[in-house]
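So the structure is just underneath, and the comments pick up after that.
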Amino acid sequence: MIVSELKFLLNQRLTLKQARQTHAAVLVHKFHHLQPLLVHQLLVSSRGYSFDLLQYVKSILRHAGSPDSFSWGCLIRFLSQHGQFREACSAYCEMQALGLCPSTFAVSSALRACARTEDIVGGRLVHAQVNKYGFSGCVYVQTALVDLYSRLGEMQTAQKVFDEMPERNVVSWNSILFGYLRLRNLDMARNLFSEIPEKDVISWNSMISGYAKAGDMKHAGELFQQMPERNSASWNAMLSGYVDCGNIELARELFDAMPQRSEVSWIAMIGGYSKCGDVESACLLFDQLGKKNLLSYNAMIACYAQNGRPTEALQIFNGMIECGLEIVPDKITFSSIISACSQLGDLKLGSWIELQMEKLGIEKDDHLATALIDLHAKCGSIHKAYELFNSLKKKDVVAYSAMILGYAVNGKAVDAIQLFEEMADAHICPNSVTFTGLLTAYSHTGLVEEGYRSFNSMKNYGLVPSADHYGMMVDLLGRAGHLEDAYNLIKTMPMQPHAGVWGALLLACRLHNNVEIGEIAARHCFKLDPDRAGYQSLLSNIYASVGRWTDVKQMREAVEEKASAKIPGYSWVEST
DNA sequence: ATAGGGTTAG
């Protein structure tokens, strides 16, 4: 009688509270055989993972009259499915310690957990048990092994397991295909793909995205045309392929042609516009996107931050917090937001952001720490920046560049140059941003020879100096009084020099009071950046230094004319 | 039970 009542209860969706009551009944009446049903129901009906739930289930399992393998298997599978990989692994170990024989789904879930955490040691341990318990004939377990070694990049082992499988399903094929594609081994992948007896949409999608990631849109497109049925992931793989190779027009064509656009499509498209600097189009899409989630907010915030519009990045961030949907920012949001604070030079805001991160329990990974290095360096706390730099698990080119630039803008040129050498010793290849930092450092020290040498060394790394790099060299040469050399360098530029380059030359001419070159530089500045009055003042000062008062007067009038031409109230609008 | 598509730092 009570058994049927309990069974009825257990087949309902149970809350944690109801489960505790049922559990009490189970204990009182020693219906231990119902415990697996209880655990199973609890996990199946739960809305998701929570710490309380885990603790409760574990307490049932630990105090169960007889340890039972089925319940442990349910728990491990549940944890593995809900991304709690570490917990899944430790539950697996605990079950082992109880002397229980694992089920096939406990083993495959444990393998999945090891694969996702890239736990090679744990994975091999479970693998050893697979043979011991005689799961060599189980497709699911064997497929999980193929998946494990594929994710770890150990393709020889993956292939061996795959070859020895007594039977395979399409998931087994997809798992090994995934492994070769991850290693960018397109030849192997192509051969394998052609051998798959019954390709499903995932096989096709994996292959398409493999080609797309390798930049081979021709083959990707061919497969896309050939495939029997497409889902939104197929379209998205093509879309992000075009985005990655910078073909935003084709990406947009695809976006407009898609039968159904998913959240992913919108975000990929916004990211595409962001990368090619078309902020307006990105913004337009974002506004058209009806209900926004964390990832679409992240994409738009990143778009503004990466395109030098920090204020708008912060506005979107505020909009996200106050939208009423209770979207919680994650480490990706904060990476962009910290970058925005840095661009604004706002350490106060930055500190507030750091506090929010602590409150949310967001751990500082290397990505975030690098953003913080930049923030602290730009705001003058160079020691804090170096502390963060030292705390990095792995120092990559981005981290080094941030730190080198940090030293450079804080006038610590010697430290910047030293760090650059340290980076070379660590066999990390510099890129163009690294050289921005290094050249900034040289231009602060006035070490012309060394600066010039490092500028010329860029090509040894396969780097082409940008207009900004030329600008820094002009600044370095100019400040040191080599005005002719600076002017000649501009003349050799393969691209159109922008106002900043001529501005650096003009500034140097003011420092050394050179009228002849100063006039040339000023003429270009007027033309390239007609809205700014600063250039006229500089030239006027140069004229004054040599007593050409008529020209001085003419320049001053030009400055005043500009000032009065401004729309009244403009600066008020700008400051609100 | 096993698989695929999106957002982050200089």
Side-chain angles (χ1 to χ4, degrees), chain A residues 73-74 76-78 80-81 103-112 115 138-148 150-151 168-179 181 200-210 212-213 231-241 243 262-272 274 293-303 305-306 329-339 342 364-375 377-378 389 392 396-406 430-434 436-437:
Chain A
C74 284
I76 295 162
R77 184 182 54 185
F78 174 82
S80 182
Q81 278 175 337
S103 56
T104 51
F105 57 88
V107 168
S108 47
S109 300
L111 285 171
R112 178 185 140 99
C138 171
V139 202
Y140 299 122
V141 172
Q142 295 299 313
T143 300
L145 278 173
V146 173
D147 174 60
L148 169 77
S150 282
R151 278 180 191 274
R168 304 179 188 112
N169 59 26
V170 65
V171 182
S172 327
W173 284 94
N174 289 346
S175 295
I176 193 147
L177 178 66
F178 172 78
L181 287 171
D200 65 1
V201 67
I202 293 169
S203 326
W204 288 91
N205 288 353
S206 304
M207 203 60 214
I208 288 174
S209 109
K213 284 195 178 115
N231 61 16
S232 80
S234 328
W235 288 88
N236 291 335
M238 289 295 292
L239 178 67
S240 46
V243 163
S262 69
E263 197 76 23
V264 179
S265 331
W266 289 85
I267 294 164
M269 203 61 222
I270 291 172
S274 169
N293 65 10
L294 175 63
L295 269 75
S296 45
Y297 270 110
N298 280 351
M300 200 57 223
I301 292 169
C303 175
Q306 282 166 353
D330 66 355
K331 53 179 63 174
I332 292 175
T333 324
F334 282 114
S335 298
S336 298
I337 287 303
I338 292 166
S339 161
S342 168
K364 268 181 215 150
D365 62 2
D366 283 0
H367 233 91
L368 266 176
T370 306
L372 287 168
I373 290 172
D374 178 61
L375 172 71
K378 295 257 168 73
F389 180 72
L392 293 175
D396 65 0
V397 61
V398 183
Y400 269 106
S401 305
M403 197 62 223
I404 290 170
L405 189 65
N431 61 24
S432 61
V433 184
T434 325
T436 301

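Each chain gets a letter, A, B and so on, in the order the sequences are listed, and its residues count up from 1.
- With dG4(B), dG10(B), dA9(B) as the choices, the nucleotide that has an atom nearest any side-chain atom of A233(A) turns out to be dG4(B).
- Contacts of T436(A) with the nucleic acid, taken as non-hydrogen atoms under 4.0 Å apart, are absent.
- N205(A) and N236(A) form no side-chain donor-acceptor contact under 3.5 Å, judged by distance and modelled atom types alone.
- Across all strands, D365(A) comes closer than 4.0 Å to no nucleic acid atom at all (heavy-atom distances).
- Rounded to whole angstrom, the span from the CG atom of D200(A) across to the C1' atom of dT2(B) amounts to 12 Å.
- Neither OP1 nor OP2 of dT7(B) sits under 4.0 Å from any side-chain N or O of K331(A).
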Let me see the working for K378(A) and L405(A) under side chain to side chain contact (heavy atoms under 4.5 Å, CB included), right down to the final yes or no.
CA-CA 9 Å; K378(A) 295 257 168 73; L405(A) 189 65; 4.2 Å; yes
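- Within the structure, every side-chain polar atom (N or O) of Q306(A) is placed at least 4.0 Å from both OP1 and OP2 of dG10(B).
- A donor-acceptor contact under 3.5 Å is not formed by the side chain of S206(A) with the base of dG4(B).
- In this structure, the CD1 atom of I176(A) is 19 Å from the P atom of dT2(B), given to the nearest Å.
- Closest to the side chain of Q81(A), out of dA9(B), dA1(B), dG5(B), is dA1(B).
- Put simply, the side chain of N231(A) and the base of dG5(B) share no donor and acceptor less than 3.5 Å apart.
- As judged by a 4.0 angstrom heavy-atom cut-off over every strand, R168(A) is placed among residues making no nucleic acid contact.
- Closest contact between the side chain of T370(A) and the listed nucleotides dT2(B), dA9(B), dG5(B) involves dA9(B).
- Using a 4.0 Å cut-off, no side-chain N or O of S262(A) falls inside it from OP1 or OP2 of dG5(B).
- Taking the side chain of N236(A) as heavy atoms from C-beta on, and the options dG5(B), dT2(B), dT7(B), the nearest nucleotide is dG5(B).
- With respect to R112(A) and D147(A), no salt bridge is recorded, no charged nitrogen being found less than 4.0 Å from a carboxylate O.
- Residue contacts for A302(A): at a heavy-atom cut-off of 4.0 Å it reaches the sugar-phosphate backbone alone, with no base atom in range.
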For the pair S80(A) and S109(A), evaluate side-chain hydrogen bond (donor to acceptor under 3.5 Å, both in side chains) and give the outcome as yes or no after the intermediate values.
CA-CA 6 Å; S80(A) 182; S109(A) 300; 4.8 Å; no
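- Note on V397(A): a base of the nucleic acid sits closer than 4.0 angstrom, heavy atoms only.
- Distance, M238(A) CE to dG4(B) P: 20 Å, rounded to whole Å.
- Put simply, CD1 on I270(A) is 20 Å from P on dG5(B), counting in whole angstrom units.
- Residue F178(A) is classed as a sugar-phosphate contact, given heavy-atom separations below 4.0 Å to backbone atoms only.
- In this structure, I267(A) places its CD1 atom 14 Å from P of dG5(B), rounding to the nearest Å.
- Regarding N169(A), its CG atom lies at a distance of 7 Å from the C1' atom of dT2(B), rounded to whole Å.
- When each of dA9(B), dG10(B), dT7(B) is scored by its nearest atom to the side-chain atoms of A299(A), the top-ranked nucleotide is dT7(B).
- Remark: the S339(A) side chain and the S342(A) side chain contain no N/O donor-acceptor pair separated by less than 3.5 Å.
- Applying the side chain to side chain contact (heavy atoms under 4.5 Å, CB included) rule to V243(A) yields the partners A251(A); only residues at least two apart in sequence or on another chain are considered.
- Counting non-hydrogen atoms under 4.0 angstrom, S109(A) reaches nothing in the nucleic acid.
- When heavy atoms are screened at a 4.0 angstrom cut-off, S342(A) is found touching no nucleic acid atom at all.
- Applying the 3.5 Å distance criterion, the base of dG10(B) shares a donor-acceptor pair with the side chain of N431(A).
- Rounded to whole Å, the distance from CD1 on I76(A) to P on dT2(B) is 14 Å.
- Considering only side-chain N and O atoms, R151(A) lies nowhere under 4.0 angstrom from the phosphate OP1 or OP2 of dT2(B).
- Using a 4.0 Å heavy-atom criterion, one finds that L295(A) contacts the bases of the nucleic acid, with or without backbone contacts as well.
- Scanning atom types as modelled, no donor and acceptor separated by under 3.5 angstrom connect the side chain of S209(A) and the base of dG4(B).
- Between the side chains of T434(A) and S401(A), at least one donor N or O sits under 3.5 Å from an acceptor N or O.
- If you check dT7(B), dA9(B), dA1(B) against the side chain of I332(A), the one that comes closest is dT7(B).
- The listed nucleotides are dA1(B), dT7(B), dG5(B); the one nearest the side chain of S240(A) is dG5(B).
- One interatomic measurement links the two molecules: CG of N205(A) to C1' of dG6(B), which rounds to 14 Å at whole-angstrom precision.
- Residue-level contact check: K364(A) touches neither bases nor backbone, having no heavy atom under 4.0 Å from any strand.
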